Number of protein chains: 4
Amino acid sequence: MRNIIAENTEQMFILVITDKRIRILIAAETLINQSGLEAVSIHRVAKQAKVATGTIYLYFKDKDELMAELHDRNLRLFAEAFLSGVENAQSLQERHRRLWLNALHYHQENVNVQRLWVHLETLPKNAHHKALIQELFEPVKLFFRSGVEQGCFKPLPSEMLYALAFGQILEICRFSYLREVKFTKQDMDAALLASWDAITVHP
Amino acid sequence: MRNIIAENTEQMFILVITDKRIRILIAAETLINQSGLEAVSIHRVAKQAKVATGTIYLYFKDKDELMAELHDRNLRLFAEAFLSGVENAQSLQERHRRLWLNALHYHQENVNVQRLWVHLETLPKNAHHKALIQELFEPVKLFFRSGVEQGCFKPLPSEMLYALAFGQILEICRFSYLREVKFTKQDMDAALLASWDAITVHP
Amino acid sequence: MRNIIAENTEQMFILVITDKRIRILIAAETLINQSGLEAVSIHRVAKQAKVATGTIYLYFKDKDELMAELHDRNLRLFAEAFLSGVENAQSLQERHRRLWLNALHYHQENVNVQRLWVHLETLPKNAHHKALIQELFEPVKLFFRSGVEQGCFKPLPSEMLYALAFGQILEICRFSYLREVKFTKQDMDAALLASWDAITVHP
Amino acid sequence: MRNIIAENTEQMFILVITDKRIRILIAAETLINQSGLEAVSIHRVAKQAKVATGTIYLYFKDKDELMAELHDRNLRLFAEAFLSGVENAQSLQERHRRLWLNALHYHQENVNVQRLWVHLETLPKNAHHKALIQELFEPVKLFFRSGVEQGCFKPLPSEMLYALAFGQILEICRFSYLREVKFTKQDMDAALLASWDAITVHP
DNA sequence: GATGAATGAGCCTTCATTCAT
DNA sequence: AATGAATGAAGGCTCATTCAT
């Protein structure tokens, strides 16, 4: 179990998710995206995953663990999306641009995920979780550090640079999504540049 | 009724809140800050406010209305804190500095409020609510606009400038609160300057 | 108190109901007719009667007493409607006709009253209530008794004759109201005659 | 599941109801008969049925559905009792006699059922419900129709004949049950004949 | 007499979790 | 491993009734 197998080993035509664990996580995710966080009840997750209620408790100790694993999964997915197309060979500014746009697009497309995060972030974190974040965002840390070393970025802890570079994005999404403020393509480009201005050293 | 009276008429030592409405709102707030959003049940709010369950429904149509009014209240309190000490006579940069620090301190001291906001923001907004936000943040809007007119700020919608100027703050608080990252006084000063860099025009 | 007074003693132009007791009863009645029996809460009755909640308890021991008095009132109103235009001078058949039509019209116009009755009838009856019924329907009893004495009606207790003569009416109303069965004028006339057939002696 | 099993396989002495659905319905019925309609709370039904509160919601969407199914069940039981021993081979008068007595006995033994009906009848009816009534009482309809065709019954819609033939029964039961009027065997026989007089053609 | 704010028991319903099969 | 019926605590809300004013 616990793997995604190809039904046909010769040619990868059909992918069926046999792993109940993942099916359950995806079901929960689907419910969140469709109807928000409070729509997630074990009963509904089971139905959505086409699994018996009790089965969920074979894979997760309790609801909290299920949610925590969902958090993990989403962090992974976000990290992947965030870092996609970002290579060490690229210039600092190019990498910054890609990261920024990746984050923007991810948040534009996963509005409800924010709520999950905010919800989960306040729960007591276990060591594993912190280690995961460390690991996932290591490349970003390195990116900031090398920018600092090159004298291009302000000499600040990478967490602070992260906040300065990407902190506006959630706010921007909140404006466009919740308050129906429309930003133009030019506005967005300007925001990207402003993010760059925020982290770089100025004469 | 509905007033805050001083128990001691000579000197205002003890303030007793007679107004049940506000007592209930504060009780709910307290619960949120102590134990998070899901700790808010009508029963618990009533207990905290030292009031019978039914009493809450004399002051609020239902739980949604209670939460919405809590949102209102918090927006007001935030707006007040945010704008405190900010005068038109001050220079743009001085005003920016005060706003930024005000927001920072507010969020540092009201960590759970974030969760309330994120929760409430997804609920359907009524016209009253939108008008309130417009009204409360009008001075901020004017601040950004005049900065743009003076050629000091980037020529962007005030909402975007808001996101660029203050969007990092929540992220910074999240880092210090949730992930226990410690920032120095110097880091904070640098962040304030970075925020200024983000919104101002560069040669 | 407890009376209906004419505002202007010279000329009876305006009748204002000063009697809170009756205002409350009418309010309860209105609620039943508008929204059914379960719409009757003390709070709503008070609002409808434009009276404070507590005031109701000055006039009625508790809700049960209010309902019982409502029952009384309705019995009186029904008896009045039932007997209207019925005179001893009229022939038996003429009186039967009037009673039958009166009952029919009353029930057609007061559909919800049935539910009130059925509801109230199961409550424990006090002596006063039984006496009231005796008193109100005494004329009907006499009508049946004199019919029996004249050899026109079947020699049965007047209660039984009552059931035979008027028992169909509720059923007829139920059909037309609830099951949307439409009866013609001729059907109704036939029903009236059938009622007569039921109680009279046949050769 | 969902069956009635005999505890003792040799001889059917003890019948234990395994079917929770029916156990719940019977529990509700029992409560109505014991203490009236307002005694029916989900909590009490659960207790009576020796079942957890939540269990009821496994079998019924909500209280309304439970009540509606109770209505169905009672209609069926009544129809069965009403039509029992009535055969097409019997004369019209014999069939009338049996129907009348069946209805009488049913109502004498199920006094509170009336209240349930009156309560439920005012709820909005769904198509299923109307169809059920049509189906259950089809034989009665045919009985009246054939009586009309044979020139024995008055030429009226079968619903009207139903009201004329059986409408007194509820009233009779109300008198004996609620007002403690005692009718003799002879009175009852006379009432049966009066019912026959009401629906038949007279020269 | 009159008010209406306050009470808390009780209502319907949902949900995380368990356990016999 | 998998099921899903069963549980009962807890949720939001209503209501008859009381009592200080």
Side-chain angles (χ1 to χ4, degrees), chain A residues 1-2 20-21 24 38-47 49-67, chain B residues 1-2 18-21 24 38-47 49-67, chain C residues 1-2 20-21 24 38-47 49-67, chain D residues 1-2 18-21 24 38-47 49-67:
Chain A
M1 287 295 150
R2 239 218 214 216
K20 292 245 171 78
R21 191 183 192 75
I24 292 165
E38 40 285 325
V40 181
S41 80
I42 293 292
H43 193 79
R44 269 197 283 263
V45 170
K47 218 163 115 188
K50 290 187 175 158
V51 141
T53 330
T55 304
I56 292 183
Y57 288 85
L58 294 176
Y59 293 94
F60 305 92
K61 190 168 77 46
D62 56 15
K63 200 190 179 187
D64 282 354
E65 193 180 291
L66 166 55
M67 296 307 265
Chain B
M1 288 292 153
R2 248 226 211 202
T18 357
D19 190 334
K20 291 252 167 72
R21 190 185 192 77
I24 291 165
E38 40 286 323
V40 181
S41 82
I42 292 292
H43 190 76
R44 268 196 285 261
V45 171
K47 219 163 116 186
K50 291 192 173 151
V51 142
T53 331
T55 304
I56 292 183
Y57 290 87
L58 294 177
Y59 295 93
F60 305 92
K61 193 169 73 46
D62 54 18
K63 200 191 178 186
D64 282 356
E65 194 181 290
L66 166 55
M67 296 307 265
Chain C
M1 287 294 150
R2 243 222 212 212
K20 293 244 171 78
R21 192 184 192 76
I24 291 165
E38 40 285 323
V40 180
S41 81
I42 292 292
H43 193 79
R44 269 197 284 262
V45 171
K47 218 164 115 186
K50 288 187 177 158
V51 141
T53 330
T55 305
I56 292 184
Y57 288 85
L58 295 176
Y59 293 93
F60 305 92
K61 191 169 76 47
D62 56 15
K63 200 189 179 187
D64 282 355
E65 194 180 290
L66 165 56
M67 295 307 265
Chain D
M1 286 294 152
R2 251 226 212 202
T18 359
D19 191 332
K20 291 250 169 71
R21 190 184 190 78
I24 291 165
E38 39 286 322
V40 181
S41 82
I42 291 292
H43 190 77
R44 269 196 285 261
V45 171
K47 217 164 116 186
K50 290 190 175 154
V51 141
T53 330
T55 304
I56 292 183
Y57 290 87
L58 295 177
Y59 295 94
F60 305 93
K61 194 168 73 46
D62 55 17
K63 199 190 178 186
D64 282 356
E65 193 181 290
L66 166 56
M67 296 307 265

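We name chains A, B, ... by the order of the sequence lines, and we start the count at 1 in each one. All values derive from a computational prediction rather than experimental measurement.
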Problem set entry | Pairing partner (Watson-Crick or G-U wobble, both distances under 3.5 angstrom) of F/dA20 | E/dT3

Problem set entry | Opposite nucleotide pairing with E/dA9, Watson-Crick or G-U, both atom distances under 3.5 Å | F/dT14

Roughly how many Å is it from [atom1] in [X] to [atom2] in [N], rounded to a whole number?
| X | N | atom1 | atom2 | result |
| --- | --- | --- | --- | --- |
| D/K50 | F/dG8 | NZ | C1' | 18 Å |
| B/I24 | F/dC13 | CD1 | P | 13 Å |
| B/H43 | E/dG10 | NE2 | P | 14 Å |
| C/Y59 | F/dT17 | OH | P | 18 Å |
| B/I56 | E/dA5 | CD1 | P | 16 Å |
| A/L66 | E/dC15 | CG | P | 15 Å |
| B/E38 | F/dA9 | CD | P | 22 Å |

Problem set entry | B/L58 vs C/V51, nearer the 5' end of DNA chain E by closest nucleotide | C/V51

Exercise. If you find the nucleotide of DNA chain E closest to B/G54 and the one closest to A/K61, which residue's nucleotide is nearer the 5' end?
Worked result: B/G54

Spacing of [atom1] belonging to [X] relative to [atom2] belonging to [Y], to within rounding of 0.5 Å:
| X | Y | atom1 | atom2 | result |
| --- | --- | --- | --- | --- |
| A/T55 | A/I42 | OG1 | CD1 | 11.5 Å |
| D/I24 | D/I56 | CD1 | CD1 | 5.0 Å |
| B/Y57 | B/E65 | OH | CD | 11.0 Å |

[N] phosphate, OP1 or OP2: any side-chain N/O from [X] under 4.0 angstrom?
| X | N | result |
| --- | --- | --- |
| B/Y57 | E/dA5 | no |
| B/K63 | F/dG11 | no |
| B/K20 | E/dA6 | yes |
| C/R44 | F/dC15 | yes |

Exercise. What nucleic acid atoms does A/I42 come within less than 4.0 Å of, heavy atoms only: base, sugar-phosphate, or nothing?
Worked result: base

For this session: Determine the contact category for A/V45: base if any of its heavy atoms lies under 4.0 Å from a base atom, sugar-phosphate if only primed atoms, P, OP1 or OP2 are that close, otherwise nothing.
Result: nothing

Go through [options] for me and flag the one nearest to the [X] side chain.
| X | options | answer |
| --- | --- | --- |
| B/S41 | E/dT7, F/dG11, E/dG4 | F/dG11 |
| C/D62 | F/dT17, E/dT7, F/dA6 | F/dT17 |
| A/T53 | E/dT17, F/dG12, E/dG8 | E/dT17 |

Problem set entry | A/L58 side chain near A/K20 side chain, heavy-atom distance below 4.5 Å | no

Exercise. Quick one: does B/K63's side chain get under 4.5 Å of B/V45's, heavy atoms only?
Worked result: no

